[in-house]
Number of protein chains: 2
Amino acid sequence: MSTHASDKHLLYKIAKAYYQDELTQHDIARRFGLSRVKVSRLLEQARQEGIVKITVVPPPGTFADLERQLEARFGLLEAVVVAPARYDRANVVRELGQAAADCLMRCLKGREILTMSWGTTLRATVDALPSRNWPHMTVVQMAGGLGRPEAEVYGSDLTRRAAQALGARSRMIPAPGIVASKLARDALLADTHIAETLAMAARADVALVGLGALTPDSVVLQVSSLLTEEQINELKALGMVGDIALRCYDAYGRPIRHEVNERIIALELDQIKRIPRVIGVAGGTGKYESIRAALRGGLINVLVTDDRTATRLLSEPDSHRAER
Amino acid sequence: MSTHASDKHLLYKIAKAYYQDELTQHDIARRFGLSRVKVSRLLEQARQEGIVKITVVPPPGTFADLERQLEARFGLLEAVVVAPARYDRANVVRELGQAAADCLMRCLKGREILTMSWGTTLRATVDALPSRNWPHMTVVQMAGGLGRPEAEVYGSDLTRRAAQALGARSRMIPAPGIVASKLARDALLADTHIAETLAMAARADVALVGLGALTPDSVVLQVSSLLTEEQINELKALGMVGDIALRCYDAYGRPIRHEVNERIIALELDQIKRIPRVIGVAGGTGKYESIRAALRGGLINVLVTDDRTATRLLSEPDSHRAER
DNA sequence: TACACATCCGTGCAAATGCACAAACGCATT
DNA sequence: AATGCGTTTGTGCATTTGCACGGATGTGTA
């Protein structure tokens, strides 16, 4: 199939003219007395035969290739991998927050709706946000806070602070994330402001979420005394490996059917899935299963994580899909 | 001016997506949440900063770079340099002919007017022409032959053979190239067929010419007894270094004003210059000054020559233009 | 010779790309 | 706070490029 020496000569001349002298295909065609299509085809051939070599030099000290593999394997829009200086939780979270903030800022123009959950990682993200003046942006809370005073740090306050940093309007959910009964939940959802806030969150352009895991230091497990030991065990028995905005999912990112769901005030997983850009931030020890599940289930399409977790995610040759 | 490490990372990712995954700029913009223009600019930056490297591999055993230098220096459409196996005149001419034939064929589609002069090099070129069937092409003689029987080999016959090889129509000049008097010339030019032939040659799409030189074996000097020793000396005194189709020029490719011109039946240099593509074929010892002059004067815009001559043409750092 | 097959080629059109322009912005100085 | 300058940004448009299609050409086989 490959052409022979005499032609390579022509391929070389044309490739040089195109890639080095930056002539247009049209000009080259005129000079060499060929048709434009032919020049196009010869260039294609020159690329295929390796006469033209295009290399992209990886910048040192980054994990661009790791990112590319993650993107390819899990169908992500983007993956961001950071290399924490130390792997203690505090530092990992801080560096993840920085990276997530960068990643978020890059895709914001100042006129969109951003919805976010809360958690320690998102707290770090908000801390890393630069200040802007975007009056046309709105930051919307995605899930109720926790029913305690100190929980405010992880509830509405994060949304408020994010909006403040960006000079944006904010829209909070003045309610706990988990209430005592379905009845109480329904009552709160009947509130116009809460309902509208959730509706707005559902049609956000970008979502920023942390990925919860079943680790002992998990905010949900620690703080929310509304989940009894028994209920937690039930959820585990149903396969729960993590949560996004209090919505629990199994190892394949599928929502877990459990009574608890009906007492939660937050976007549902399906609603989150429909948001065009869902940035999931999580890393460090213990988050692996939850991240893997969120990726498998397509719950997020942008992942910000650390290099160890990234490597581990790529090391397993398993399937993305749940078997039926 | 150059941006720093944090950005290089993004440049790399985008460059990879574009050049390796072959995504469109539009798709990349959507994935990374950027505008399309921005992606375009980042790619430009990535190229400038050397993150994207495009190399064109020179095929071994060719003189592509020599050619490129000739093209650049003398403003040629194309230069073709061959490396003869041996440098005896016969072999050089043979290889030049082959290369010229290739070069000519490449830019012919089968519907144009080709005009040609004659000479030993063009003879070799015609010998190397492949056979085609191009009834819509016309091959037109550019200059009269020489006034002797054996001269036919260098006159109309070459045109005829070229046309035959290509399956094209031919248009010959049934007259000698140099006649005894201006009166005789004018009489021949009054002939409708000759006049129309010359007119047709003048509006040819492609010209194929040899470059004559003042070497002892020059066809013109040898055969045409119509040029006296004295006339030849006069021409030399006027600075003649070579000829195209019997039209003499000086070291800067300018036509030489001499009585002989009025006895010649051939296109004038200015007419030749106006042909869109003029392929000059010449090489070997002794042709150097003539080639250099033709290049300086812009008499040809495609040159087919040997590597030694090419190197020599590039070695002189002189000006292209005549001083006034 | 005729036919079938395959390859090559250029035209027309749609997609992709680059570019000029003007608005918006950040920044620093007044 | 207001002003000026330089930079960055996106929109609209012209150019450039890829691609499908039908026609032409060449080749091998019956």
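Within every chain, numbering begins at 1; the chains are lettered A, B, ... in the order of the sequence lines, protein sequences first and strands thereafter.
- For C:dG26, the base has no donor-acceptor partner in the side chain of A:Arg132 [N/O atoms by modelled type, under 3.5 angstrom].
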Run the salt bridge (Lys or Arg N to Asp or Glu O under 4.0 Å) test on A:Arg161 and A:Asp127 for me, step by step, so that the C-alpha distance in whole Å, both residues' side-chain angles and the decisive distance to 0.1 Å come before the verdict.
CA-CA 9 Å; A:Arg161 282 176 47 210; A:Asp127 285 340; 2.2 Å; yes

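- Distances were taken from every side-chain heavy atom of B:Gln25 (C-beta onward) to each of C:dC9, C:dT17, D:dG10; the shortest belongs to C:dT17.
- There is a side-chain donor-acceptor pair under 3.5 Å between B:Asp102 and B:Gln98.
- At the phosphate of D:dG18, OP1 or OP2 sits under 4.0 Å from a side-chain N or O atom of A:Ser40.
- A donor atom on one side chain and an acceptor atom on the other are found under 3.5 Å apart for B:Glu67 and A:His9.
- The side chain of A:Lys38 places no N or O atom within less than 4.0 Å of a non-bridging phosphate oxygen (OP1 or OP2) of C:dC8.
- What separates CG of A:Asp27 from C1' of D:dT17 is a distance of 14 Å, to the nearest Å.
- Summarising the geometry, the separation between NE2 on A:His26 and C1' on C:dT11 is reported as 15 Å, rounded to the nearest angstrom.
- In this model, no donor atom of one side chain and acceptor atom of the other lie less than 3.5 Å apart for A:Asp27 and A:Tyr18.
- Here C:dT17 is the nucleotide among C:dT17, D:dG18, C:dG10 with the atom lying nearest to any side-chain atom of B:Arg36.
- In this structure, A:Leu23 atom CG and D:dT16 atom C1' are separated by 13 Å, rounded to whole Å.
- Atom CD1 in B:Ile28 sits about 11 Å away from atom P in C:dG18, given to the nearest Å.
- Side-chain atoms of A:Thr24 lie closest to D:dT16 of the nucleotides D:dT16, C:dT17, D:dG10.
- If you take CD of B:Glu44 and P of C:dA20, they are 12 Å apart, rounded to a whole angstrom.
- Rounded to an integer number of Å, the gap from B:Arg47 CZ to C:dT17 C1' is 10 Å.
- Going from atom CD of B:Glu22 over to atom P of C:dA16 covers 13 Å, rounded to whole Å.
- Here the C1' atom of nucleotide D:dT11 and the CZ atom of A:Arg111 are 14 Å apart, to the nearest Å.
- The phosphate of D:dT9 has neither OP1 nor OP2 within less than 4.0 Å of any side-chain N or O from B:Ser35.
- In this structure, a donor-acceptor pair under 3.5 Å is absent between the side chains of A:Ser170 and A:Arg160.
- Donor-acceptor pairing under 3.5 Å, judged by distance alone, is present between the side chain of B:Arg41 and the base of D:dG10.
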